[in-house]
Amino acid sequence: MAHQLNPKQQEAVNTVEHPLLVLAGAGSGKTSVITTKIVHLITQCGYKASQIAAVTFTNKAAREMKARVSSLLGGRNSRGLIVSTFHNLGLNIIRKEHKALNFKSNFTIFDDQDTLTLIRDLCNKNADADKSELIAFQQKISNWKNDLKSPQQIINEATNQDDLAAAKLYEAYDRSMRAYNAVDFDDLIRYPVELFRANPDILEKWQNKIRYLLVDEYQDTNTCQYELVKLICGRYGLFTVVGDDDQSIYSWRGAQPENLALLQDDYPNLRVVKLEQNYRSYGRILKAANEVISNNPHVFEKSLWSDKIYGDEIKILATDDDINEAERIANELLAHKLRSATAYSDYAILYRGNHQSRFMEKALIEKQIPYKVSGSTSFFSRTEIKDIMAYMRILVNPDDDNAFLRIVNVPRREIGPTTLEKLGLYAQKRHISLYDACFELGLKEELHAKGYAAIERFSKLIARTEDNVKRGDAMAVIHELLGYIGYHGFLYDNSSSTKAAEYRWSNVQQLLEWIEREYTNAEEDNDDNPLARAINKLMLREMLDRNEEEAEANEVQLMTLHASKGLEFNHVYLVGMEEELLPHRSSIEEDNIEEERRLAYVGITRAQKTLTMSYARQRKRYGEVVDTEPSRFLFEMPQEDLMWEEQQMPQTEEERQEKGRKNMDALRAMLS
DNA sequence: ACGTTGCGCCTTTTT
DNA sequence: GGCGCAACGT
């Protein structure tokens, strides 16, 4: 990392009086610029740390930035400095202003899975719908929110029956979310914007609080997020945004790289600084990256250069199939490590989709290579985790019917569909939540005695626990709750093996540890509802890969290309370089190759010293073996810098195993 | 009311 | 090759 800033970087830091756009190519030291600038604002320009906010898109980036700022500031006070994701900033605004927004202080966050179940429930009342349709609705609603369109607007604009039906669904969705006292990810940005637009006094309060705003990865902002930036910065536009249109890989999430160009219209006195010196990659890698991305159209022309050495050729491995690919990557990695005395943490294996990690993991385990898969959100889609989270959410926010339905009969309490349907009708009639309905006197008439008794037992359990949580030691209460409902035993009864049950229980333990940590943090902040705070943070996956020490551990890093953005590694393996994978099939169909090319560009530019790419001639897809073709992006790279490597594969299984043994022996010999 | 089994459906990327 | 979902059996 450059200690001394180059003139362009210095200019970006020193430009304080004007709104500033920094066009920062890959590896051009943009994080240095942002962090140095924060320090500059505090030490040279009279800003208090608490008047500055820096916003990023991922928790990882936020955490790293925070660490770097505080190390740069040394002993100086960084109290009150906001470094967070857009979503976290929005969450904090909503928490502080929940009254003006008509939310109770114990509101909770719905993730995509939760919103999908809600949409399914809403649809089932009208007609039958299949999954892809539901997801389409979900995306539509998300897009409308990101474009700041209200349900009313959408209903008014609808021109045909289908549009109208979708718009009506949006309206019902919005109503339900309010009734649940819940917000989704898009709402975390949307509500602050609506709030600021409708309440100039509240806006002014926040404008006074945040005097200077810095935005990282600005090309990833959507309309709503840009609006939030504009509102907070007001007409003086005291901000620095840093972005690179070549690294825009989130358009599927509503990101509008056009926001880069829009800045010039919205702020005529905008200054633009380009950072074009790359401090990361060897020349050959940078050349290949530049050549690939030159196939895309560009709004801002820039040419990245590097004064580093040229480096080794880029290796292209042609492999037989996905299993063979994983084995050979593992072998390559191991051989390279032994040759160059590097650490495992110098290596990263990058892929297009999460499912690709499985083969890699298997190969790495076989060769006893330590690794870490990062960015996988799958932990939170595990049933045991969703169950416990649902318990937590109902404790925080009893109006959350979604959470209620998930756990009302888990573990089994003899509460079946018939009882629940009657409960649901009753609640609907009175416009109250399912939980509240449990305590209504009239409910007893509607239900069978047995059903009512079961419901009563459940609702009283929740009420009692909720009460105990408020009284004090929440974590002890939660552990007691799990013991009372016998969740541990439930896992053992419902898992295929003891081993599986143990694993699932250890997941629960992990979750409880995270909750405890966030809970303690919230308590130290004197939060009035620490459990709510902790659960919402967990919903934003804030604690994932937070352990910086572990990131430093000696492990090979496995992650998706999306998750790799902003990171760098000495040696990068980019696997699955095939048509229909990268570029992905759906992107080919939607004619959106450009974003896939940027994805490839992001992957290539993660590499500092060596880059190896691989493709498999055959790959299992939907369980069926399919022939594949090498990715077009391989042919877009300068061929004189590539080294295509074929491998004569042993024909039989025995030969293959024999060869594997020989490899291992050779490696062991080298080790000793 | 609950558990099991078999069928058919996808599978991009994330806060 | 893994999920949810529907149908059936207890």
Side-chain angles (χ1 to χ4, degrees), chain A residues 55-62 84-91 109-113 115-117 120 124 128 130-135 139 142 145-146 183-190 217 220-222 224-225 248-255 322 350-359 374-378 380-383 409-420 448 450-451 454 493-494 496 536-542 544 559-565 576 580-590 592 595-596 598-600 602-603 619-625:
Chain A
V55 186
T56 66
F57 277 87
T58 64
N59 296 309
K60 209 183 239 171
S84 76
T85 62
F86 262 104
H87 296 270
N88 214 336
L89 178 67
L91 172 63
I109 300 171
F110 274 27
D111 68 13
D112 289 1
Q113 293 237 17
T115 63
L116 199 64
T117 21
R120 187 194 294 128
N124 281 344
D128 51 335
D130 75 333
K131 197 143 298 167
S132 58
E133 241 177 313
L134 296 176
I135 290 170
Q139 264 159 5
S142 175
K145 287 185 173 189
N146 288 337
V183 298
D184 63 26
F185 288 142
D186 300 316
D187 291 337
L188 290 174
I189 319 290
R190 175 179 75 130
E217 308 281 11
D220 290 340
T221 53
N222 60 34
C224 194
Q225 285 155 339
S248 160
I249 53 175
Y250 284 104
S251 71
W252 51 275
R253 221 168 88 182
D322 25 30
L350 309 180
Y351 36 79
R352 175 70 235 258
N354 275 311
H355 61 279
Q356 286 174 264
S357 72
R358 295 194 45 217
F359 294 105
S374 81
S376 159
T377 57
S378 59
F380 282 86
S381 46
R382 307 191 61 88
T383 26
N409 203 30
V410 176
R412 299 270 106 89
R413 294 189 181 87
E414 318 235 273
I415 300 171
T418 16
T419 311
L420 285 177
H448 289 301
K450 211 179 132 203
D493 294 341
N494 286 282
S496 49
N536 279 342
K537 285 253 171 153
L538 253 71
M539 291 305 289
L540 289 184
R541 314 289 187 251
E542 233 229 347
L544 280 188
M559 68 190 80
T560 63
L561 286 165
H562 283 88
S564 77
K565 192 163 71 148
E580 311 224 314
L581 237 188
L582 184 66
H584 195 271
R585 180 193 198 154
S586 40
S587 297
I588 298 174
E589 278 162 11
E590 287 161 30
N592 189 15
E595 179 137 322
E596 298 292 307
R598 290 192 289 268
L599 214 37
V602 166
R619 188 177 289 275
K620 253 199 198 128
R621 193 136 51 202
Y622 317 107
E624 213 138 17
V625 179

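Every heavy atom of this structure was used, including side-chain atoms; hydrogens, water molecules and symmetry mates were not. To find a chain, count down the sequence lines: A is the first, B the second, and so on, and within it residues start at 1.
- Across the protein-nucleic acid pair, A:D184 atom CG and B:dT14 atom C1' stand 14 Å apart, rounded to whole Å.
- Between A:Q113 and A:S381, the shortest heavy-atom contact is NE2-CB, 3.4 Å.
- Among the protein residues, A:R358 comes within range of the sugar-phosphate backbone only, with heavy atoms under 4.0 Å from sugar or phosphate atoms but none that close to a base.
- Taking every side-chain heavy atom of A:H584 into account, B:dT11 is the closest of B:dT13, B:dT15, B:dT11.
- The minimum heavy-atom distance between A:K60 and A:A563, with the atom names listed, is NZ-O, 4.4 Å.
- If you measure from atom CD of A:E217 to atom C1' of B:dT14, you get 14 Å, rounded to the nearest angstrom.
- Taking atom OH on A:Y250 and atom P on B:dT13, their separation rounds to 11 Å, with Å as the unit.
- In A:E589, the CD atom is crowded: over 12 heavy atoms of neighbouring residues, nucleotides or ligands sit closer than 6.0 Å.
- By the salt bridge (Lys or Arg N to Asp or Glu O under 4.0 Å) test, A:D186 is found to be paired with no residue, residues two or more places apart in sequence or in another chain being considered.
- Contact between the side-chain N/O atoms of A:N354 and the OP1/OP2 oxygens of B:dT13 is found at a separation under 4.0 Å.
- Stacking of A:W252 onto the six-membered ring of B:dT13 is present: less than 5.5 angstrom between centres, less than 30° between planes.
- The residue among A:T383 and A:K620 whose nearest nucleotide of DNA chain C is located toward the 5' end is A:K620.
- Under the side-chain contact (heavy atoms from CB on, under 4.5 Å) criterion, A:Q139 pairs with A:I135, sequence neighbours left out.
- Per the geometry, NZ belonging to A:K60 stands 14 Å off C1' belonging to B:dT15, to the nearest Å.
- Spacing between atom CD of A:E595 and atom P of B:dT14 amounts to 12 Å, rounded to whole angstrom units.
- Side-chain atoms of A:H87 and A:T85 form no donor-acceptor pair, as typed in the model, at a separation below 3.5 Å.
- Other residues, nucleotides and ligands contribute over 12 non-hydrogen atoms within 6.0 Å of the NE2 atom of A:H355.
- In this structure, the CD atom of A:E624 is 14 Å from the C1' atom of B:dC10, given to the nearest Å.
- Here the P atom of nucleotide B:dT11 and the CG atom of A:L581 are 16 Å apart, to the nearest Å.
- Both A:T419 and A:Y622 lie near DNA chain B, and the one whose nearest nucleotide falls closer to the 5' end is A:T419.
- The two residues A:F185 and A:I109 come nearest to each other via the heavy atoms CE2-CG2, 3.9 Å.
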ask   = How would DNA chain C look in dot-bracket form, 5' to 3', counting Watson-Crick and G-U wobble pairs with both distances under 3.5 Å and writing | for bases paired to another strand?
value = .|||||||||

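- Using a 4.0 Å heavy-atom cutoff across all strands shown, A:F86 reaches no nucleic acid atom at all.
- In this structure, A:H562 atom NE2 and B:dT13 atom C1' are separated by 4 Å, rounded to whole Å.
- As judged by a 4.0 angstrom heavy-atom cut-off over every strand, A:S586 is placed among the base-contacting residues.
- Residues A:E596 and A:L581 share a closest heavy-atom pair of OE1-O, 4.3 Å.
- By the salt bridge (Lys or Arg N to Asp or Glu O under 4.0 Å) test, A:R382 is found to be paired with A:E384, residues two or more places apart in sequence or in another chain being considered.
- In this pair, A:H562 and A:W252 present their aromatic rings perpendicular. The plane angle is above 60°, beyond the 30 to 60° band.
- A salt bridge does not link A:D220 with A:R253: none of the charged nitrogens is closer than 4.0 Å to a carboxylate oxygen.
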Short N/O separations, protein against nucleotides 2-4 of chain B, under 3.5 angstrom:
| residue | atom | partner | partner atom | Å |
| --- | --- | --- | --- | --- |
| B:dC2 | OP1 | A:E414 | N | 3.1 |
| B:dC2 | OP2 | A:N409 | ND2 | 3.3 |
| B:dG3 | OP2 | A:R412 | NH1 | 2.6 |

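- Between chain A and DNA chain C, the heavy-atom contact criterion of under 4.0 Å yields a 5' to 3' nucleotide range of C:dG1 to C:dC5.
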